[in-house]
Amino acid sequence: MRTGNDLELVHLTKRYGGTVAVRDLNHVFRNGTYVCLLGPSGCGKSTTLRMIAGHESVSEGGIVLDGQDISALPPARRGTAMMFQSYALFPHLSVRDNVAFSLRMKGTGKPARHKAADEMLELVDMGHLAERLPAQLSGGQQQRVALARALVTKPRVLLLDEPLSALDPFLRIRVRGELKRLQRELGISFIHVTHGQDEALALADEIVVMNDAVIEQAGTARDVFGAPRTEFVARFIGGHNVIELEGARYALRADEVRLAEEGRPATVTIVEYQGDRVAVTARLGPAEVLALVPEAHFFANPKNPGDAVCLDWDEGRLHRLLA
């Protein structure tokens with residue numbers, strides 16, 4: 001059931017000359033959810049985000065927010081705000097004035113816009129650095145300032161274009177937790193473009209997987225990971241094997257594959273230690289099959305490339321894919 005502030009894409013299409021970047025998308029983003037648009041480079045996810053924001057024109061179809069078609073509105077009147085991958089902070093303005101800039105453009109008085117900026121900076125734990133210039137901040141701090149600037153206009157939908165890509169792995173994990181906290185506290189929709197499967201699984205209430213300008217699958221993180229619909233989704237989301245049996249294709253989670261005393265004979269090709277588990281790739285006929293083996297189980301009887309092994313799994317764990 002739709003609610004107020006739902007965002008809907010209606011036959012949304014974007015063409016650049018003879019190239020179709022986004023093809024006939026139909027999807028409802030529920031109000032108050034964290035959605036990740038996930039897919040490889042060039043699949044159309046960033047173009048979709050930019051059309052929602054108003055930074056790309058729509059070739060066909062519409063974008064509806066809370067019952068109103070916003071496709072023809074300028075970005076500032078859409079009820080959306082976008083946080084860019086580059087952060088795009090003004091180097092000559094203080095942190096406070098960067099955050100308050102959009103309010104200044106709307107004619108908001110200095111005391112009121114500074115008050116609003118300070119509130120947003122406190123929300124992202126940057127109030128103590130309000131007087132600094134962007135060059136005096138770390139990458140993670142700049143990211144928080146950009147986030148505060150996007151939120152200061154109180155948008156109904158926040159759009160994030162790969163916001164964590166410039167951060168080191170440790171900081172990326174920390175900041176994605178902060179993003180999820182903010183989304184829950186604010187109660188608005190976040191639509192977050194990423195090509196990182198782990199990022200999408202960690203953050204999203206809903207994952208929308210895009211491929212070749214269309215939506216390949218959409219659902220909860222658990223549904224998309226546990227029940228991929230197509231070979232592309234199974235391979236791209238990771239952690240799955242795609243196996244052909246009797247002319248049909250199946251997905252099999254790598255953590256469901258066991259090294260056993262009896263089973264299908266295979267030859268180990270790659271062994272990767274991953275801390276709590278060991279990733280063992282083995283050649284089974286013409287295919288390679290990945291098994292994620294618990295660390296203790298693996299080292300009780302370790303294997304090396306070239307070793308013969310037996311692979312086993314429960315047939316009931318095979319998930320049939322669409323042709």
Side-chain angles (χ1 to χ4, degrees), residues 1-17 19-37 43-90 98-109 112-113 116-117 119-120 146-163 179 182-183 186-194 205-206 208 210 213-215 218:
M1 181 177 179
R2 296 179 190 175
T3 62
N5 286 355
D6 281 353
L7 176 72
E8 184 175 5
L9 310 182
V10 184
H11 298 294
L12 187 65
T13 297
K14 178 62 181 180
R15 292 188 179 89
Y16 297 101
T19 301
V20 179
V22 173
R23 185 189 305 276
D24 196 31
L25 299 192
N26 292 280
H27 191 73
V28 175
F29 299 94
R30 302 296 180 189
N31 182 43
T33 58
Y34 202 121
V35 182
C36 283
L37 293 182
C43 71
K45 58 188 187 296
S46 289
T47 301
T48 300
L49 198 76
R50 292 178 64 84
M51 282 194 286
I52 295 170
H55 300 302
E56 290 281 1
S57 61
V58 172
S59 300
E60 292 176 18
I63 302 164
V64 178
L65 179 58
D66 193 17
Q68 179 189 7
D69 190 335
I70 63 172
S71 307
L73 296 179
R77 293 182 53 205
R78 292 190 170 211
T80 65
M82 187 162 180
M83 180 177 161
F84 296 94
Q85 185 177 357
S86 65
Y87 307 153
L89 300 177
F90 297 110
N98 262 284
V99 174
F101 185 79
S102 59
L103 298 179
R104 177 183 170 187
M105 291 297 98
K106 289 183 175 182
T108 304
R113 68 176 184 257
E119 289 174 355
M120 285 299 113
L147 183 60
R149 184 179 60 184
L151 291 171
V152 77
T153 58
K154 300 190 182 303
R156 289 179 282 177
V157 180
L158 180 65
L159 309 169
L160 304 106
D161 188 8
E162 302 203 36
L179 285 174
L182 280 170
Q183 188 269 328
L186 295 168
I188 65 173
S189 300
F190 280 28
I191 303 178
H192 175 140
V193 160
T194 180
D205 300 314
E206 180 185 35
V208 177
M210 293 189 66
V214 301
I215 293 175

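The analysis underlying the following values was restricted to heavy atoms, covering all of them including side chains, and did not include hydrogens, waters or symmetry mates. In this text, all values refer to a predicted model and were calculated from it rather than measured experimentally.
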Look up atom [atom1] in [X] and atom [atom2] in [Y], then write down how far apart they are to the nearest 0.5 Å.
{"X": "Glu119", "Y": "Leu151", "atom1": "CD", "atom2": "CG", "answer": "12.5 Å"}
{"X": "Ile70", "Y": "Met51", "atom1": "CD1", "atom2": "CE", "answer": "12.0 Å"}
{"X": "Glu60", "Y": "Asp24", "atom1": "CD", "atom2": "CG", "answer": "8.0 Å"}
{"X": "Lys14", "Y": "Thr48", "atom1": "NZ", "atom2": "OG1", "answer": "11.0 Å"}
{"X": "Asp205", "Y": "Arg30", "atom1": "CG", "atom2": "CZ", "answer": "13.0 Å"}
{"X": "Phe84", "Y": "Leu160", "atom1": "CZ", "atom2": "CG", "answer": "11.0 Å"}

Open item on the list: Let's go through Ile63 and Leu9 carefully: what are the C-alpha distance in whole Å and the side-chain angles of both, what is the deciding distance for side chain to side chain contact (heavy atoms under 4.5 Å, CB included) to 0.1 Å, and is it a yes or a no?
Closed with: CA-CA 5 Å; Ile63 302 164; Leu9 310 182; 4.3 Å; yes
Please find the pair of heavy atoms, one from [X] and one from [Y], that lie closest to each other, and give the distance.
{"X": "Ser59", "Y": "Arg15", "answer": "OG-N, 2.8 Å"}
{"X": "Glu8", "Y": "Val28", "answer": "CG-CG2, 3.7 Å"}
{"X": "Val152", "Y": "Leu103", "answer": "CG2-CD1, 3.7 Å"}
{"X": "Gly79", "Y": "Leu65", "answer": "O-CD2, 4.2 Å"}
{"X": "Ile215", "Y": "His27", "answer": "CD1-CB, 3.9 Å"}
{"X": "Val214", "Y": "Leu25", "answer": "CA-CD2, 3.9 Å"}

- [ ] Go through the side-chain N and O atoms of His192 and Gln183 and say whether any donor and acceptor fall under 3.5 Å apart.
- [x] no
Open item on the list: Test side chain to side chain contact (heavy atoms under 4.5 Å, CB included) on Ile191 and Phe29; report intermediate values, then the result.
Closed with: CA-CA 8 Å; Ile191 303 178; Phe29 299 94; 3.9 Å; yes
Ignoring hydrogens and angles, tell me if any N or O in the side chain of [X] forms a donor-acceptor pair with the backbone of [Y] under 3.5 Å.
{"X": "Thr33", "Y": "Ser189", "value": "no"}
{"X": "Arg113", "Y": "Thr108", "value": "yes"}
{"X": "Arg78", "Y": "Ser71", "value": "yes"}
{"X": "Thr47", "Y": "Ala21", "value": "no"}

For a 4.5 angstrom cut-off between non-hydrogen side-chain atoms, does [X] reach [Y]?
{"X": "Lys45", "Y": "Val208", "value": "no"}
{"X": "Thr13", "Y": "His11", "value": "no"}
{"X": "Met82", "Y": "Leu49", "value": "yes"}

TODO: Just jot down the side-chain hydrogen bond (donor to acceptor under 3.5 Å, both in side chains) partners of Ser46, sequence neighbours excluded, or say none.
DONE: Asp161
Task: Heavy atoms of other groups near Arg156 CZ, more than 12 under 6.0 Å - done: yes
TODO: Evaluate the side chain to side chain contact (heavy atoms under 4.5 Å, CB included) criterion for residues Tyr16 and Glu56: first the C-alpha distance (whole Å), next the side-chain angles of each, then the deciding distance (0.1 Å), finally the verdict.
DONE: CA-CA 11 Å; Tyr16 297 101; Glu56 290 281 1; 3.2 Å; yes
TODO: Given side chain to side chain contact (heavy atoms under 4.5 Å, CB included), test Leu147 with Leu179 step by step and report yes or no.
DONE: CA-CA 9 Å; Leu147 183 60; Leu179 285 174; 3.7 Å; yes
